[in-house]
Amino acid sequence: MEPSNQTGVSEFFLLGLMEDPEVQPFLQDIFLLIYLVTILGNLLIILAVSYDSHLHTPMYFFLSNLSFTDICLSTTTVPKMLVNIETQRNSITYIGCLTQVCAVLVFGGFENFLLRIMGYDRYVAICHPQRYKAIMNPHLLGLLIAFSLFISVMNALVHSLMLLPLSFGTDLEIPHFFCELAQVLKLTCSNTFINNMVLYFMTSIFGGITLSGIIFSYLQIVSCILKMPCRTGKYKVFSTCGSHLSIVFLFYGTGFGVYISSPFTYSSRKTAVASVMYTVVPQMMNPFIYSLRNRDMMGALRKIIGRIPFF
């Protein structure tokens, strides 16, 4: 006899972003390009930070961790969608779906914490520059990364384990390009009140605390900048925060919109498109935003590319 899970479900069906089969090849090319740019760009960021000793600072340490997380988050969702488009078979196994749910929660949660830590790093660097090295010491850096990853894994495990006892009906179509927790919960025949409450609670706590922390950090940064006498100095200091703020607005704006509205909206296709904005686009944009606006990073990237024989 073949082993079966408690739900009796062997696979789900991911409907993707578009129903029109004529659009699928174009969609495949776009997402393949996005994925390759994401992997290459973030790998270059990691190599640049590792290669150039001038970048061995807390800010770039967190940036390299963010790049690694972006690679993992994109790899969790995009390749499966590309395979489904290529094979014209939109199925994903039950175990594969649960694994995808867990992985998205882990890396999405870790990116959430990293953005908060990077905001705190900018706050200390701008408001307490003389104490920066003492506060952002290697012990604290390792502790912040380890704690953030631990909380993200625990949160993902709680949600994933709570999916195991649920039963599913005959409608196993997920109007999405990956197994998103809120969409999977809509397919179950079981009572999901507890699951939804835990989802809202965890999202509100982790997302709310980190976003509130970022807002508080930037309020303090703005207060410090306004006290500076030189207008040029004000612009230069605040411009160092522009990259981080861009990703924060993109990641949190779409992410909160999707998770808060998904249980109440029946426009699942719109939810799927919105999910692209926090699971795919920020991961591709991070290398451009953090490198093009940063002279040190651009210099390190030129050194790495200059060592490649082709260039």
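Because the structure is a prediction, the values reported are computed rather than measured.
- You'll find the side chain of Phe31 stays beyond 4.5 Å of the side chain of Ile85, heavy atoms only.
- The structure places OH of Tyr252 at 3.5 Å from CG of Asn112, a figure rounded to the nearest 0.5 Å.
- Taking the six-membered ring for Trp and thresholds of 30 and 60 degrees, Tyr94 and Phe12 have nearly parallel ring planes, at less than 30 degrees apart.
- Within the structure, salt bridge (charged side-chain N to carboxylate O under 4.0 Å, His left out) pairs that include any residue of residues 193-222 do not occur (at least two apart or interchain).
- For residues 23-92, the set of pairs meeting the disulfide bond (SG atoms under 2.5 Å apart) definition, not counting sequence neighbours, is empty.
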Asp70 and Leu66: CA distance, side-chain angles, deciding distance, side chain to side chain contact (heavy atoms under 4.5 Å, CB included) verdict = CA-CA 6 Å; Asp70 288 340; Leu66 182 65; 4.0 Å; yes
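- Residue Ile46 holds its CD1 atom at 7.0 Å from CZ of Phe68, rounded to the nearest 0.5 Å.
- Atom-to-atom distance recorded for Thr203:OG1 and Asn155:CG is 7.5 Å, nearest 0.5 angstrom.
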Would you check, one step at a time, whether the test side chain to side chain contact (heavy atoms under 4.5 Å, CB included) holds for Phe288 with Val37?
-> CA-CA 10 Å; Phe288 295 102; Val37 170; 3.5 Å; yes
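- Separation of atoms CG (Asn84) and CG (Leu15) is listed at 10.5 Å; rounding is to 0.5 Å.
- In this structure, CD1 on Ile135 lies 5.0 Å from OH on Tyr120, to the nearest 0.5 angstrom.
- Residue pairs that meet the disulfide bond (SG atoms under 2.5 Å apart) test with at least one member in residues 78-186, sequence neighbours left out, are Cys97-Cys179.
- The side chain to side chain donor-acceptor pair (under 3.5 Å) with Arg116 is formed by just one residue from the set Ser212, Ser217, Ser148; it is Ser217.
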May I have the step-by-step check of side chain to side chain contact (heavy atoms under 4.5 Å, CB included) for Met297 and Val49, ending in yes or no?
-> CA-CA 8 Å; Met297 182 62 67; Val49 174; 4.0 Å; yes
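- Taken from OH in Tyr35 to CE in Met284, the straight-line distance is 14.5 Å, to the nearest 0.5 Å.
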Taking it one step at a time, do His54 and Asp52 satisfy side-chain hydrogen bond (donor to acceptor under 3.5 Å, both in side chains)?
-> CA-CA 5 Å; His54 294 93; Asp52 196 331; 3.0 Å; yes
Would Ile34 and Val78 satisfy side chain to side chain contact (heavy atoms under 4.5 Å, CB included), going step by step from the backbone distance to the final call?
-> CA-CA 9 Å; Ile34 290 175; Val78 178; 6.0 Å; no
